Amino acid sequence: MKMAGASALSLGVPAANLQASPQQKAEGTVLPTVPIDLVKLPFLYGREYFVIRSGRAQVVFQLDRADLGSAFTRMVFDMEDARQSERKERALNFDPETGFASTALRVELGGFGFTAFGEQTESHWMIIDGMPAVEVMWWAGGVKVTERVAPLSSANAFLETIELDGAGLAGGDVVNAKLFLPRGQASGRGSVLVQNSEKYGCAIAVIGDAKVQINEEEGSVTIGPVAVGPKIKASVEILHVFQIPSRGADALKDQVRSLADGIENRKKETKAAWDASTTIVTDDKTLKEIYNKARFGLPGLIADDGTMNAGIFQYGRQWVRDTSNSALGALHAGHFELARAALTRVLTDLVSDEGATAIASHYDNPDQEELDQMGELLHVLKSYRDWTGDESLVRDHRAKLLALVERPLQPIFRDETGMVHNRREFWERTFDDAYELIYQAYVVRGLRDAVDLAPLLDAQDRVERWTTEANRTLETMLRHSTRALVADGHLIKRRNVTGEIANLIPTGRGGHPDVPFRTEKNNCLNPDASAGLVIALGLVDPHSELARKTLDDLEQLWNSRWFGGGFERYNSSSQQDTPGPWPFASCFILRALHDAGQYERSRRVLEWLNSVQGGRTGFWFEEIPTLRSNTKYCGIIPWTSGEIALFVVRHVLGIRFEGARMAIKPALYPQSPAVSADLRFRQGRVRLTIEGSGAIKRSDLDGKKLDHRPDGSIVLPENFTSGTLSIRRA
């Protein structure tokens with residue numbers, strides 16, 4: 001990703017031009033200082049993020065196009081405290097005067113200190129020694145600087161490789177590379193500098209025999225002088241170590257020493273952990289790239305104990321729906337342990353004994369419950385059982401899960417039509433009492449998944465009733481004479497319990513003064529992107545006339561009042577806060593389009609997701625703001641990463657489950673090159689090769705021909721545990 005900038009200011013900053021803390025002053029140069037208000041903004045033109053995690057230490061890298069100082073800075077959070085990452089100023093290393101300026105690498109050449117300049121900085125994911133790493137490249141005069149940072153598994157530590165290449169110099173020269181700890185009392189010895197505060201400890205350790213100078217007063221580590229030239233480059237490895245919570249300087253030094261001495265073993269352990277995940281190889285660059293972004297990113301967004309901030313820099317809380325859908329994506333990326341941790345956290349802390357589900361980390365009254373959350377959780381629990389073969393999670397939480405399944409069937413939520421209703425809608429606005437389309441869909445999906453899990457729940461006696469009630473709800477939703485959530489041949493979002501379609505709503509006073517809900521006279525609910533999920537969940541035949549007309553109706557949400565692409569979550573005219581294209585809402589429609597065989601539209605969405613601001617690094621904003629008031633409330637949403645991983649494996653590779661048996665019906669894009677996948681499956685692997693797009697000509701499982709069904713799908717044997725599946729296309 002090239003971070004093309006809007007500004008073309010100087011590549012370095014002389015000391016006379018800026019004010020700096022004593023810690024930052026050194027040999028006539030300073031780290032650039034950044035206006036604090038701009039640092040705190042989650043969204044700024046060109047600003048993107050990478051998020052990686054090791055143990056409890058979560059590092060969020062900020063990359064800026066505008067020249068506000070260094071283009072590459074980093075902030076540190078305690079991953080097990082979701083509230084902390086709600087705001088940047090809560091970061092463990094935030095400096096109220098300089099923000100995160102001290103985290104920037106400085107390269108000194110000829111007495112001048114260079115830091116990354118957004119106009120000439122590139123960044124992307126890469127693999128180094130089998131480990132995903134963030135790679136950032138920039139220029140310090142004629143020296144090309146490359147920083148690669150990889151998280152080490154469960155170590156509270158990150159391995160950084162700094163490469164200095166004199167490719168742009170006219171001759172030989174020398175440089176110094178300088179790193180800083182946050183302001184505070186630091187102590188160092190040899191090649192290690194440590195600092196402790198009440199909340200956490202941090203350390204920088206240089207590995208190897210590089211020349212190192214420690215300055216305790218300014219809290220800096222200088223590597224050099226290092227010889228560089230047109231054909232001379234040098235590299236050095238750095239350990240960034242964190243202790244959360246702080247246990248004292250001596251313990252931190254012991255932690256650093258142990259990590260440095262065992263660094264090769266740590267690399268091997270980290271590589272092994274990543275080797276266990278699911279991988280996809282193809283010459284379809286976009287498909288491979290976007291899947292890897294989701295696969296690499298999800299472990300940075302979910303803690304080992306299952307904690308997940310539903311919106312970094314925005315929410316600081318947890319929802320059952322957000323965590324469930326993120327865990328669903330983690331499963332399809334092969335991160336089984338991460339998914340289990342997230343689901344355990346949900347079942348332990350976010351579902352009550354009565355089956356109520358938490359919204360923003362608390363329980364609301366029945367009229368405000370989000371009635372989709374039962375289905376989302378049951379759906380991912382079935383997927384967890386299918387992919388991992390682990391039945392204990394469902395068995396161990398039997399009582400809560402039975403209460404969860406039965407809750408929306410209670411009369412307080414459900415009337416004689418068989419549909420659920422209340423005043424809260426999917427996007428958390430409050431209207432008149434009504435039937436919400438996506439609530440019905442997830443009640444049906446949840447009941448059907450509960451039927452599949454009934455033996456684990458010891459609930460075989462409920463199967464007939466759950467099946468009957470699921471069918472009843474779906475039938476009413478699609479075909480009831482006065483209450484169906486269908487009009488003019490397409491799905492509609494909402495119908496009041498009195499029978500009227502809920503569409504026009506009165507202009508209100510909520511939200512910022514520039515939002516459509518306040519500035520425009522006509523405010524409509526339809527269309528709504530959640531209608532795409534009804535198709536993607538398999539509740540409406542994707543090739544039916546109803547699906548076609550629904551997808552045509554949803555097309556109104558593409559570029560509805562902006563440039564550059566993306567679907568709005570619903571009709572912008574009724575937006576109370578954040579009009580604009582929503583990446584995870586766009587994913588709902590992407591999945592439906594693909595299942596419907598509308599590959600041109602599907603591809604358009606996929607390319608947009610891969611290239612939109614945030615998507616270039618793989619950490620998608622909740623929305624791309626179209627109003628100035630929105631930029632302060634625009635966080636990074638893990639759910640989108642989950643949607644991406646799910647889309648590639650379930651909808652493109654076509655892997656689903658019938659009962660507990662894997663069924664495969666590939667749906668590659670037309671003229672797609674071959675795709676190979678090495679999928680984690682229970683205690684083994686599925687090594688899948690798909691020759692390309694088109695009808696299946698022949699399929700072989702471990703070299704033996706496997707029959708395919710008339711619809712083009714393949715069902716693996718019931719006792720299948722691991723093997724190689726090859727699919728040749730006509």
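Excluded from the calculations below are hydrogen atoms, water molecules and symmetry mates; all remaining heavy atoms, backbone and side chain alike, are included. Since this is a predicted model, take the numbers as computed values, not measurements.
In this structure, the separation between CZ on Arg423 and CG on Asn365 is 9.0 Å, given to the nearest 0.5 Å. For the atom pair CD1 (Ile359) and CG (Asp364), the distance works out to 5.0 Å, reported to the nearest 0.5 Å. Atom CD of Gln575 sits about 9.0 Å away from atom OG of Ser560, to the nearest 0.5 Å. Rounding to the nearest 0.5 Å places CZ of Arg345 at 3.5 Å from OG1 of Thr307. Phe567 contributes atom CZ, which lies 9.5 Å from atom CG of Asn559 (distance to the nearest 0.5 angstrom). Interatomic distance, Leu92 CG to Glu198 CD, rounded to the nearest 0.5 Å: 12.5 Å.
Among residues at least two apart or in separate chains, salt bridge (charged side-chain N to carboxylate O under 4.0 Å, His left out) pairs with a member in residues 564-587 are Arg569-Asp577. For residues 68-79, every residue pair satisfying the salt bridge (charged side-chain N to carboxylate O under 4.0 Å, His left out) rule, not counting sequence neighbours, is listed here: Arg56-Asp78, Arg74-Glu147, Arg74-Glu160. Within the structure, every pair that satisfies the salt bridge (charged side-chain N to carboxylate O under 4.0 Å, His left out) test and touches residues 623-648, not counting sequence neighbours, is listed here: Arg591-Glu643.
The minimum heavy-atom distance linking Phe588 with Ala529 is given by the pair CB-O, 3.8 Å. Shortest non-hydrogen contact noted between Ala327 and Val380 is C-CG2, 4.0 Å. The shortest non-hydrogen separation linking Thr519 to Pro513 is CG2-O, 3.1 Å. Minimum heavy-atom separation, Leu627 to Pro579: CD1-CG, 3.5 Å.
Of the possible polar contacts, one joining the Trp562 side chain to the Gly565 backbone as a donor-acceptor pair under 3.5 Å is found. Side-chain N or O atoms of Arg483 include one that pairs as donor or acceptor with a backbone N or O of Val497 at under 3.5 Å. The main-chain N or O of Gln598 is never found under 3.5 Å from a side-chain atom of Ser602 such that the two would form a donor-acceptor pair. Looking at Glu86, its side chain never comes within 3.5 Å of a backbone N or O of Gly316 through a donor-acceptor pair. In terms of modelled atom types and a separation under 3.5 Å, the side chain of Lys40 and the main chain of Glu89 share no donor-acceptor contact. For Asn93 (side chain) and Val76 (main-chain N/O), a donor-acceptor pair under 3.5 Å exists by modelled atom type. A donor-acceptor pair is defined here as one N or O able to donate and one able to accept, closer than 3.5 Å; such a pair exists between the side chain of Asn325 and the backbone of Arg321. Listed for the Arg445 side chain is a donor-acceptor partner under 3.5 Å among the backbone atoms of Leu537. Between the Gln613 side chain and the Glu48 main chain, no donor and acceptor come within less than 3.5 Å of each other. For the pair Arg407 (side chain) and Glu354 (backbone), a donor-acceptor distance under 3.5 Å is present.
Under the 4.5 Å side-chain criterion, counting only non-hydrogen atoms from C-beta, Glu369 is not in contact with Arg424. Between Asp95 and Pro182 the shortest side-chain heavy-atom distance does not fall below 4.5 Å. Within the 4.5 Å cutoff, the side chain of Glu376 has no heavy atoms near those of the Val320 side chain. By the 4.5 Å heavy-atom criterion applied to side chains, Leu554 and Leu593 are not counted as neighbours. Within the 4.5 Å cutoff, side-chain heavy atoms of Ser641 are placed close to those of Trp620. The shortest side-chain heavy-atom distance between Phe431 and Leu525 falls under the 4.5 Å cut-off. Under the 4.5 Å side-chain criterion, counting only non-hydrogen atoms from C-beta, Phe72 is not in contact with Ser123. Contact check for Phe94 versus Ile36: side-chain heavy atoms found under the 4.5 Å cut-off.
In this structure, the side chain to side chain donor-acceptor pair (under 3.5 Å) partners of Lys493, at least two apart in sequence or on a different chain, are Glu425, Glu436, Asp528. Ser361 pairs by the side chain to side chain donor-acceptor pair (under 3.5 Å) definition with nothing, not counting sequence neighbours. By the side chain to side chain donor-acceptor pair (under 3.5 Å) test, Asp81 is found to be paired with no residue, residues two or more places apart in sequence or in another chain being considered.
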Discussion item. For a side-chain contact (heavy atoms from CB on, under 4.5 Å) check, start with the C-alpha distance between Val346 and Val351, then their side-chain angles and the critical distance, and finish with the verdict.
Written reply: CA-CA 6 Å; Val346 169; Val351 178; 4.1 Å; yes
Discussion item. What verdict does the side-chain contact (heavy atoms from CB on, under 4.5 Å) test give for Val39 and Thr73, after you've listed the backbone C-alpha separation in whole Å, the side-chain angles of each residue and the deciding distance to 0.1 Å?
Written reply: CA-CA 10 Å; Val39 169; Thr73 56; over 6 Å; no
Discussion item. Assess the residue pair Leu485 and Met419 against the criterion (side-chain contact (heavy atoms from CB on, under 4.5 Å)); give the C-alpha distance rounded to whole Å, side-chain angles, the decisive distance to 0.1 Å, and a yes or no.
Written reply: CA-CA 10 Å; Leu485 296 174; Met419 291 198 294; 4.2 Å; yes
Item to complete: In sequence, state the C-alpha distance, the side-chain angles, and the governing distance for Ile644 and Lys293, and then conclude on side-chain contact (heavy atoms from CB on, under 4.5 Å).
Response: CA-CA 9 Å; Ile644 294 294; Lys293 288 173 184 177; over 6 Å; no
Practice prompt. Test salt bridge (charged side-chain N to carboxylate O under 4.0 Å, His left out) on Arg604 and Glu600 and set out the steps.
Written response: CA-CA 6 Å; Arg604 175 193 60 180; Glu600 186 175 342; over 6 Å; no
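Within 6.0 Å of CG in Asn522 there are 12 or fewer heavy atoms belonging to other residues, nucleotides or ligands.
Checked by atom type, the side-chain pair Glu622/Tyr315 shows a donor-acceptor distance below 3.5 Å. Side-chain contact check for Thr498 and Asn496: no donor-acceptor pair (N or O, by modelled atom type) lies under 3.5 Å. Remark: the Ser574 side chain and the Arg429 side chain contain an N/O donor-acceptor pair separated by less than 3.5 Å. Counted by atom type alone, Gln373 and Ser324 present zero donor-acceptor pairs between their side chains at under 3.5 Å. Side-chain atoms of Asp415 and Tyr435 form a donor-acceptor pair, as typed in the model, at a separation below 3.5 Å. Glu370 and Thr357 form no side-chain donor-acceptor contact under 3.5 Å, judged by distance and modelled atom types alone. In this structure, a donor-acceptor pair under 3.5 Å is present between the side chains of Thr473 and Arg414.
Aromatic ring pairs are classed by plane angle as parallel below 30°, tilted from 30° to 60° and perpendicular above 60°; the pair Trp125 and Phe619 is tilted. Ring-plane geometry between His651 and Phe647 is classed as parallel, the angle between the planes falling under 30 degrees on a 0 to 90 degree scale with a further cut at 60.
A salt bridge is defined here as a Lys NZ or Arg NE, NH1 or NH2 lying under 4.0 Å from an Asp or Glu carboxylate O, and Lys549 with Asp553 fails to meet this definition. At a threshold of 4.0 Å, the pair Arg561-Glu520 counts as salt-bridged, since one of the basic side-chain nitrogens sits closer than that to a carboxylate oxygen.
With Phe50 as the partner, the side-chain contact (heavy atoms from CB on, under 4.5 Å) test is satisfied by one option alone out of Val134, Val59, Val149: Val134. With respect to Phe313, the ring-ring contact (aromatic ring centres under 6.0 Å, His included) criterion is satisfied by exactly one of Tyr633, Phe621, Tyr49, Phe43: Tyr49.
Cation-pi check for Arg65 over Tyr45 is met; the charged atom lies under 6.0 angstrom from the ring centroid and within 45 degrees of its normal.
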